[in-house]
Amino acid sequence: MIYTEFSFPNDSHIIWSLMIVTYPFISGIMAGAFSIAALYFVFGMENLKPVSRFSLLVSFSFLVCATLPLLNHLGHPERALNVIIMPNHRSAIGGFGYIYNIFLVILALTLWFSYREDVIRAAEAAGGLKKKILTFMLLWNLGKDDDTRDVDRRLVFILTAIGIPSMAVLSGYVGFLFGSLKSNPWWSTPLMPFVFFVSGIMSGLALVLLLYLYLGWYGYLEKSYKCLRTLSALLWFSTALYIILEGVELLYFYYESSDAWFVISTLLLTKLKYSFFVLQLGIGLGVAFILLSAMFALKLEEPSFAKMAAVASIYILFEVWMMRWNIVIGGQLFSKSYVGFRDFHPGWMEKEGILVAIIFTVLPLVVLFMVTRFLGVRPSGDESAQIDNPGVNTDEELP
Amino acid sequence: MKKKRVVKRPKSRREFLKYAASGMAGMLIVTLMPKPSWAQRIHQIEEMKHVPDWMDHYYAYVVDTTKCIGCGACVRACKRENNTPDGYFRTWVERYQITDTGHVYIDSPNGGHESFPPKDVEGNVLKGFFVPKLCNHCRNTPCTQVCPVNASYETPQGVVLVDKEICIGCGYCVQACPYDTRYIDPRTHTADKCTWCYHRITKGLAPACVTVCPTKARIFGDLKEKKSEVREIIESQRVMVLKPELNTEPYCFYIGLDRAVR
Ligand code: SF4
Ligand code: SF4
């Protein structure tokens, strides 16, 4: 039987628009950045020390902004708290409020303990209202003796360790929301949470790497070639893992060749031809992976290594955004009749349009800038009180 | 000898934790409090008590595709009865034309609201038929399963409904329904779908679409009633459901469903 095109009559509207593309992009960066902190604070990856606390800040800035696109998407944002006060425990979104808030609390506390001394310094230097706010944030505890420092260090270790599963759940979770919908063959795969998680890690690593190059250049973070190499290696590794996951997923669809493959192959060869093959896989993933591989294969030295790492990171961020687009929007470009297709062209000024999406994507960076300013993060030379990794640090043994 | 470490815990930090704990306990109490939705539902149930045995039913719907003539009276009746927004459908009718070239032509112009003008197809039509569609009021409902706030729910009579006072308009249920019977109402920004005319059936009337169908292609009834037509059909005839492989357990059954039907 050869079907001519037909969409169900209710299928003429795209319900999950740019906002639902933006949310997983932001939450992915949040997860990736947090994983860098976790690698240092919990697993003792000493090379990552220069970016360890900073990546917590990045993670936090993205986390606090993550819900904005979701709220903007809701038909009734004023009822958003219903998700927390009357959750449906069978719903995949039902647990969102809890998971999000748990991670937010963990991350906020981790930040608090790891930046406490910086805030104390900022509070001491500030005056007036800012001093009052900072002192309040410190809960009037201005102690920075060794014992307090020791407690802070241990708490950061414990909190980050608890944060890892919460972060993994929160970022893989959005993949589960899609993956568990049996109504949509393009989404319905058990690999979806892993694809979202790994690509999130990639985007977080890429953004932190970019920011690190920029801030390291201006002396705000300790410049370390080792740190840059480690970040790039992690980026290469997660990208390779992502390629395997995407590849396996597509291969399965193709080999099973079920009803799903009919719609997926048509989708990929028509509506997503350009955005999936050219933009996401070719330009995004392909170029980034070749650059990352070349950096290591050619044993590049620092200046060229850094430049290529920066370019590769930009491509990775682009790839991850395109992947979000292709999954979220791509999954809605066909009707549930599986034989009808449609287009989606977001407007610039709509409620969920391009401009708002850009604002929501850039906003976390603005928050990051404000938070670093407020916390008094200064050029690395002044960071005498940088928290050491409890897992690695042995030179402070007690007598 | 190891020095005993004395860690001074500032009083303020402890107090902070105390406040945080009470805050969380407060949240928990709010979560466990009776939900407005339930209060509302109980109120509705109380209101309905004057109708004798209005809860003591278990409904099902049968579509006899062999009888549908594609007149669209049901689509029009539904729109009038439920005031559905233009371009959105609680029920619609699809036309299938299968030709000797192996092509399957499907269309549903404006959901079949104005019936079906002739359509040019390639080759000779071997078979042609109409298939009315509506919410299947599934038992294993993906739509109520995914609703984060319980706004989509199933009544004891087997009807799947949306509570518009609670719905946050996330659209998750619309994505989850494999049959595309849900939509977000552009006027209320909440989910909407066929209710089997709940306001009518609880008063002992049939859904509007069933009432107007001139050929009795749409049949509605109570499975608890021994002599009901739907029960008799389901028990004695070969009936089918849409997309059975998805295990949604629809309670809308089809007679004469062709394999071409999507
Ligand atoms: S047909 Fe769709 S909306 Fe109706 S009960 Fe089934 S899944 Fe829910
Ligand atoms: S749109 Fe409304 S009914 Fe549908 S899942 Fe969201 S809250 Fe529930």
Side-chain angles (χ1 to χ4, degrees), chain A residues 1-13 15-16 20 70 73-77 79-80 82-88 90-97 101 105 138-141 143 145 147-148 150-151 177-178 180-184 187 259 331-332 335-340 398-399, chain B residues 2-3 5-10 12-13 15-16 27 30-31 33 35-37 87-89 92 94 98 101-108 110-111 133 142 144-151 166-172 174-184 188-190 246 259-260 262:
Chain A
M1 280 192 293
I2 310 152
Y3 281 92
T4 54
E5 252 198 73
F6 168 68
S7 295
F8 289 136
N10 283 333
D11 236 343
S12 50
H13 313 268
I15 298 174
W16 286 354
I20 309 296
L70 293 183
H73 158 72
L74 290 185
H76 284 276
R79 297 178 189 165
N82 285 3
V83 180
I84 292 175
I85 58 175
M86 51 171 82
N88 171 11
R90 291 194 312 147
S91 165
I93 308 186
F96 175 80
N101 284 312
V105 170
L138 291 160
L139 299 177
W140 298 276
N141 176 5
D145 50 277
D147 280 344
T148 320
D150 195 40
V151 174
L177 296 187
F178 290 102
S180 59
L181 286 181
K182 59 185 171 190
S183 58
N184 191 314
W187 292 343
D259 214 19
Q332 299 173 82
S335 163
K336 285 175 192 149
S337 67
Y338 301 166
V339 291
L398 295 161
Chain B
K2 278 204 163 188
K3 197 174 91 183
R5 271 187 302 153
V6 185
V7 179
K8 270 184 248 148
R9 290 179 205 285
S12 46
R13 191 183 282 176
E15 273 175 6
F16 167 73
M27 283 276 283
V30 172
T31 313
M33 260 171 21
K35 319 283 188 290
S37 59
Y88 299 85
F89 304 88
W92 68 95
E94 293 163 8
I98 299 159
T101 56
H103 285 89
V104 181
Y105 291 88
I106 317 171
D107 66 337
S108 182
N110 197 21
K133 295 264 182 90
T144 64
Q145 182 191 23
V146 300
C147 177
V149 295
N150 284 310
I166 295 172
C167 174
I168 56 174
C170 64
Y172 202 13
V174 183
Q175 303 286 9
C177 171
Y179 308 99
D180 242 320
T181 61
R182 289 183 169 240
Y183 54 84
I184 297 290
T188 60
H189 307 292
T190 54
L246 295 181
R259 69 186 174 119
R262 304 311 292 177

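Throughout, a chain's letter reflects where its sequence line sits, starting with A, and its residues are numbered from 1.
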Mind listing the closest non-hydrogen atom pair of [X] and [Y] along with its distance?
| X | Y | answer |
| --- | --- | --- |
| A/P9 | B/S108 | CG-OG, 3.8 Å |
| A/N10 | B/G87 | OD1-O, 4.4 Å |
| B/A260 | A/Y3 | O-OH, 2.7 Å |
| B/I106 | A/T4 | N-OG1, 4.0 Å |
| A/R79 | B/T190 | NH1-CG2, 3.8 Å |
| A/I15 | B/G171 | CG2-CA, 4.1 Å |

Q: For the residue pair A/H76 and B/H189, categorise the inter-ring angle as parallel (less than 30°), tilted (30 to 60°) or perpendicular (more than 60°).
A: perpendicular
Q: Could you tell me whether B/R262 sits above the aromatic face of A/F6, with NZ or CZ closer than 6.0 angstrom to the six-membered ring centre and within 45 degrees of the axis?
A: no
Q) Looking only at atom types and distance, does a side-chain atom of A/S183 sit under 3.5 Å from a main-chain N or O of B/Q175, one as donor and one as acceptor? A) yes
(Q) When you measure from the side chain of A/N88 to the backbone of B/V146, do you find a donor-acceptor pair of N or O atoms at a distance under 3.5 Å? (A) no
Engaged part of [X] at the chain B interface, taking heavy atoms whose separation is under 4.5 Å:
| X | result |
| --- | --- |
| A/S7 | neither |
| A/L177 | both |
| A/N184 | neither |
| A/L181 | side chain |
| A/Q332 | side chain |

Residue part contacting chain A, namely of [X], when any heavy atom lies under 4.5 Å:
| X | answer |
| --- | --- |
| B/T144 | both |
| B/R182 | backbone |
| B/Y183 | side chain |
| B/D180 | both |

Q) When you look at A/F8 and B/W92, which way does the side chain to side chain contact (heavy atoms under 4.5 Å, CB included) test go after all the steps? A) CA-CA 9 Å; A/F8 289 136; B/W92 68 95; 4.0 Å; yes
Q. In Å and rounded to the nearest 0.5 Å, what is the NZ to OG distance from B/K133 to A/S337?
A. 8.0 Å
